[in-house]
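This report refers to the structure that appears directly beneath it.
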Amino acid sequence: MLKGRIIVADQEGTHVIKFLGDVRLTLCPALDQYLDNMFNSRYFKTILIDLTEAEGIDSTALGMLAKMSIRMKKKMGFVPTLVSINDNITRVLLSMGFDKVFVFVNHLADHAEPMDELSQGQFSELTVQEKVLEAHRTLMSMNQKNHQEFKNLVDVLEYQCTI
């Protein structure tokens with residue numbers, strides 16, 4: 001599996017966020033920072049999530065996707081579009097209820113705009129732990145199945161963050 005990367009582009013307020021390879025929690029603080037800037041931009045219109053080259057996505061990255069969609073629904077009144085062609089990834093997304101917080105499509109027109117890679121940056125261990133906890137709380141809030149799936153992990157993470 002290829003090391004995970006996230007590349008982004010802003011096309012007149014439409015943000016394209018593309019996951020490449022195996023996207024893990026180490027990329028989430030940088031993604032969260034990008035999302036804050038994106039949502040605070042007065043030019044923000046919508047988001048397109050491109051998972052066509054993703055090979056794997058851990059639960060923290062999934063939580064960040066859910067958080068992004070929930071935040072967009074509150075701000076704009078509609079959910080973003082997610083493109084997935086990997087049957088395994090699509091199956092996981094559907095099993096976790098992502099079809100309730102994204103519009104799913106299975107193809108994407110060619111993307112000609114240049115994209116920038118999000119840097120993993122230098123984030124403290126505490127910052128990473130907080131993002132992991134936040135992502136899993138978001139997943140839990142999506143439905144009862146996810147709540148049961150991630151409750152024990154969230155309890156452990158909450159305990160670790162208070163030590």
Side-chain angles (χ1 to χ4, degrees), residues 1-11 13-41 44-108 111 115-121 123 127-147 149-150 153-154 157:
M1 224 177 255
L2 294 174
K3 181 181 176 192
R5 296 173 34 224
I6 300 174
I7 57 177
V8 296
D10 176 5
Q11 302 170 348
T14 297
H15 291 261
V16 178
I17 301 172
K18 183 172 183 133
F19 284 19
L20 305 162
D22 188 27
V23 178
R24 301 263 156 214
L25 65 96
T26 54
L27 294 167
C28 291
L31 177 59
D32 196 48
Q33 204 170 51
Y34 178 81
L35 296 177
D36 283 343
N37 292 336
M38 176 186 72
F39 282 115
N40 289 327
S41 168
F44 173 75
K45 293 179 186 169
T46 192
I47 308 166
L48 172 70
I49 305 298
D50 181 353
L51 303 180
T52 59
E53 294 183 48
E55 296 176 11
I57 305 171
D58 75 1
S59 58
T60 303
L62 290 171
M64 294 298 296
L65 288 176
K67 174 186 170 185
M68 176 190 325
S69 177
I70 292 165
R71 204 167 159 190
M72 183 167 155
K73 173 85 174 175
K74 284 180 184 175
K75 181 176 176 93
M76 305 301 286
F78 58 92
V79 298
T81 300
L82 185 144
V83 184
S84 178
I85 60 172
N86 181 318
D87 290 338
N88 292 329
I89 290 174
T90 302
R91 191 175 311 110
V92 168
L93 294 170
L94 292 173
S95 75
M96 295 180 76
F98 275 68
D99 55 325
K100 306 288 188 261
V101 294
F102 283 97
V103 173
F104 274 71
V105 296
N106 60 7
H107 66 281
L108 181 65
H111 184 267
M115 298 184 81
D116 299 314
E117 184 169 353
L118 290 182
S119 168
Q120 285 189 13
F123 297 96
T127 298
V128 174
Q129 285 179 336
E130 288 170 347
K131 295 304 169 195
V132 171
L133 180 57
E134 180 183 18
H136 286 86
R137 282 180 178 153
T138 301
L139 289 174
M140 284 178 61
S141 73
M142 290 175 62
N143 59 49
Q144 187 60 35
K145 178 182 173 269
N146 289 356
H147 188 272
E149 178 91 19
F150 295 108
L153 175 61
V154 166
L157 291 170

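All values derive from a computational prediction rather than experimental measurement.
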key: Pair Thr52-Lys18, side-chain contact (heavy atoms from CB on, under 4.5 Å): steps then yes or no   = CA-CA 8 Å; Thr52 59; Lys18 183 172 183 133; 3.7 Å; yes
task = Using the side-chain contact (heavy atoms from CB on, under 4.5 Å) rule, take Lys67 and Leu35 through it: C-alpha gap first, then chi angles, then the decisive distance, then the call.
result = CA-CA 10 Å; Lys67 174 186 170 185; Leu35 296 177; 5.6 Å; no
inquiry  = Minimum heavy-atom separation for Ile89 and Glu55, please, with both atom names.
reply    = CD1-C, 4.0 Å
message = If you apply the rule side-chain contact (heavy atoms from CB on, under 4.5 Å), what do you find for Lys73 with Val101, and how did you get there?
response = CA-CA 8 Å; Lys73 173 85 174 175; Val101 294; over 6 Å; no
query = What distance separates Ile47 CD1 from Leu65 CG, expressed to the nearest 0.5 Å?
reply = 9.5 Å
request  = May I ask you to decide if Met38's main-chain N or O and Ser41's side chain share a donor-acceptor pair within less than 3.5 Å?
outcome  = no
remark   = So CG of Leu51 and CG of Leu82: to nearest 0.5 Å the spacing works out to 4.5 Å
note = Sorted by chain and residue number, the side chain to side chain donor-acceptor pair (under 3.5 Å) partners of Glu130 (sequence neighbours excluded) come out as none
note = Closest non-hydrogen atoms of Lys145 and Ser95, given as atom of the first, atom of the second and distance, are NZ-O, 3.2 Å
task = Could you name each residue pair satisfying salt bridge (charged side-chain N to carboxylate O under 4.0 Å, His left out) that touches residues 74-88, not counting sequence neighbours?
result = none
request  = Kindly say whether Glu53 contributes a backbone atom to a donor-acceptor pair with the side chain of Asn86 at under 3.5 angstrom?
outcome  = no
request  = List the atom of Phe44, the atom of Met76, and the distance in Å for their closest heavy-atom pair.
outcome  = CE2-CG, 3.6 Å
inquiry  = Looking at every non-hydrogen atom in both residues, tell me the closest pair between Met96 and Asn146 and how far apart they are.
reply    = O-ND2, 2.9 Å
request  = Applying side chain to side chain contact (heavy atoms under 4.5 Å, CB included) between Phe98 and each of Val79, Thr90, Ile49, Leu93, report the one that passes.
outcome  = Leu93
key: Verdict with supporting geometry, Leu139 and Met142, side-chain contact (heavy atoms from CB on, under 4.5 Å)   = CA-CA 5 Å; Leu139 289 174; Met142 290 175 62; 4.1 Å; yes
